[in-house]
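In what follows, a single structure is set out as structure tokens and then discussed.
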Amino acid sequence: MPELPEVEVVRAGLEPAVTGAVISGVEVLDRRALKRHDPIRGDFATLLTGARLRGAVRRGKYLWFPLAGSSREADVPADSSTGSDVLSGGDVLSGRDVLSGRDVLSGRDVLAGGDGLAGGDVLAAHLGMSGQMLLREPGRDDKLTRIRLTLDHPEHGELWLNFVDQRLFGGMMIDSLVPTPDARPAGFGGALEPGAWIPRTAAHIARDPLDPHFDDRAFFAGLARRRTGIKRALLDQTLISGIGNIYADEALWAARLHYDRQAAGIPLTRRRDLLEQVRGVLRRALAEGGTSFDAQYVNVNGNSGYFAHSLNAYGQQGKACPRCGGEIVRESFMNRGSHFCPRCQRKR
DNA sequence: AAAAGTACCTGCGCGC
DNA sequence: TGCGCGCAGGTACTTT
């Protein structure tokens, strides 16, 4: 389901509700929704109960919520003999400034709660194909809720956060932060400055094209090296993140590129144009609240976005191409649909 | 090493 | 109405 615009709608919707909230209850209704959680680090519910959420951060389609460290961690003496990063003066492993005892990720004092958590741990989430994060009045259940967090917010009071996922390709986990390879802020955190720390599970993906630190030149060079079709390259989250099947088809339509054209053979000017189209499509979709065809994709209140009305190629098979009037076709590719206009998106 | 294939899942809508 | 089938917006792991 959700690609960058949809995940960003979720992030922005959650941000005011989770920032500063304490997790007062955790119900894991289906353990398969924890499949990326490493049980060795402790029980998900136990670790999370009592922890305080500090914000909501996103890179591409990955979401995470930095947690305040546990009381136990806060008692750790300022011992610079272990794991301290000389250059930053901070503790690489925990994301905490060892000398000052303050949390370098937020600049705030580490709070008690979430016993067993290390400073710099996060609640990480991926929505997969069908995941939703719904904010509800306590007592309001949703069918297919897999994990429920009860949030206690100093201003908003008590809320349920239902993680709903039909297909169970998504999930939640507790993860630790590692330094970003380029030492720049990890992702988009709204009001929260995420710092140059990223969850281990998301560390391998590239920045997304709306990230101010996205490296355009590295992307163009990466495309030039790919011996594969351009759509495969766009969907490769290690090259550029946040794009899924819908926006790949839409951006390729806008750039007049055939989905299976060899990435390496595309001239630089057209690679530049493609990136511009990618950004345009993602920004427009975001402005309309994301794309939804049904209740499968919704924001945190359960409402749908409007971008489905603006699609030019995705799902438009049989209809006229809005640009040239040719007929949009759907072809099976990579076990999914590719939608394009054979007239203005020619392979050669 | 990079690229392609496969596994992971459930529910819905469609045609018969 | 009931049933089987195809379809779904993603990622991680394995194989080549």
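Just so it is clear: chains get the letters A, B, ... in the order the sequence lines come, proteins before strands, and each one is counted from 1.
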Find the distance [X]:[atom1] to [N]:[atom2] and express it as a whole number of Å.
| X | N | atom1 | atom2 | answer |
| --- | --- | --- | --- | --- |
| A:Met129 | B:dA7 | CE | P | 16 Å |
| A:Asn335 | B:dC9 | CG | C1' | 15 Å |
| A:Arg225 | B:dA1 | CZ | P | 14 Å |
| A:Glu250 | C:dG9 | CD | C1' | 12 Å |
| A:Asn245 | C:dA8 | CG | P | 8 Å |
| A:His339 | C:dG9 | NE2 | C1' | 11 Å |
| A:Met334 | B:dT6 | CE | P | 13 Å |
| A:Asp236 | C:dA12 | CG | P | 11 Å |

With respect to the phosphate group of [N], does any side-chain polar atom (N or O) of [X] fall under 4.0 Å of OP1 or OP2?
| X | N | result |
| --- | --- | --- |
| A:His126 | C:dG10 | no |
| A:Thr228 | B:dA4 | yes |
| A:His204 | C:dA12 | yes |
| A:Arg336 | C:dG10 | yes |

(request) Report the base-pairing partner of B:dA4 (Watson-Crick or G-U wobble, both distances below 3.5 angstrom), or none. (result)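 The answer is C:dT14, by the H-bond criterion.
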(request) Identify the nucleotide, in any strand shown, that forms a Watson-Crick or G-U wobble pair with B:dC9, with both distances under 3.5 Å; if there is none, say none. (result)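 B:dC9 is unpaired by these criteria.
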(request) Starting at the 5' end of nucleotides 10-16 of chain B, put B wherever the base has a protein heavy atom under 4.0 Å, S where only the sugar-phosphate does, and a dash everywhere else. (result) BSS----
(request) Check for a donor-acceptor pair, side chain of A:Thr145 on one end and backbone N or O of A:Asn162 on the other, with a separation under 3.5 Å. (result)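 No.
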(message) Using a 6.0 Å distance limit plus a 45 degree cone around the ring axis, check whether A:Arg207 lies over the aromatic ring of A:Phe188.
(response)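 Here A:Arg207 fails the 6.0 Å and 45° test against A:Phe188.
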Looking at every strand, decide which applies to [X] at a 4.0 Å heavy-atom threshold: base, sugar-phosphate, or nothing.
| X | answer |
| --- | --- |
| A:Asp165 | nothing |
| A:Tyr314 | sugar-phosphate |
| A:Tyr62 | sugar-phosphate |

(request) Give a yes or no on whether A:Asn301 atom CG has more than 12 heavy-atom contacts from other residues, nucleotides or ligands under 6.0 Å away. (result)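 More than 12 heavy atoms, drawn from other residues, nucleotides or ligands, come within 6.0 Å of this atom.
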(request) Check every atom of C:dG10, C:dT11, C:dC7 against the side chain of A:Gln237 and return the nucleotide holding the closest atom. (result)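 The answer is C:dT11.
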(message) The side chain of A:Arg330 is closest to which nucleotide in this list: B:dA3, C:dA8, C:dA12?
(response)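 Minimum distance to the A:Arg330 side chain belongs to C:dA8.
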(request) Sort out for me which residue in A:Glu250, A:Glu3, A:Glu276 forms a side-chain contact (heavy atoms from CB on, under 4.5 Å) with A:Val281. (result)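 With A:Val281 as partner, A:Glu250, A:Glu3, A:Glu276 yield a single side-chain contact (heavy atoms from CB on, under 4.5 Å), made by A:Glu250.
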(message) Exactly one of A:Asp43, A:Leu53, A:Ile174 should register a side-chain contact (heavy atoms from CB on, under 4.5 Å) with A:Leu48. Which one does?
(response)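 Between A:Leu48 and the candidates, side-chain contact (heavy atoms from CB on, under 4.5 Å) is satisfied uniquely by A:Ile174.
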(request) Look up atom CD in A:Glu6 and atom NZ in A:Lys61, then write down how far apart they are to the nearest 0.5 Å. (result)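 It is 9.5 Å, given to the nearest 0.5 Å.
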(message) For A:Tyr62 and A:His126, take the angle between the two ring planes, folded into 0 to 90°, and tell me which bin it lands in: parallel under 30, tilted 30 to 60, perpendicular over 60.
(response)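 A:Tyr62 and A:His126: perpendicular rings.
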(request) For C:dT11 versus B:dC12, give the span between their C1' atoms, rounded off to a whole number of Å. (result)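 To the nearest whole Å, 23 Å.
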(request) Salt-bridge test for A:Asp182 and A:Arg184: reply yes if a basic N is under 4.0 Å from a carboxylate O, no otherwise. (result)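 Salt bridge absent between A:Asp182 and A:Arg184.
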(message) Under 5.5 Å centre to centre and under 30° between planes: does that hold for A:Phe169 and the six-membered base ring of C:dT11?
(response)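 A:Phe169 ring does not meet the centre or angle cut-off for C:dT11; no stack.
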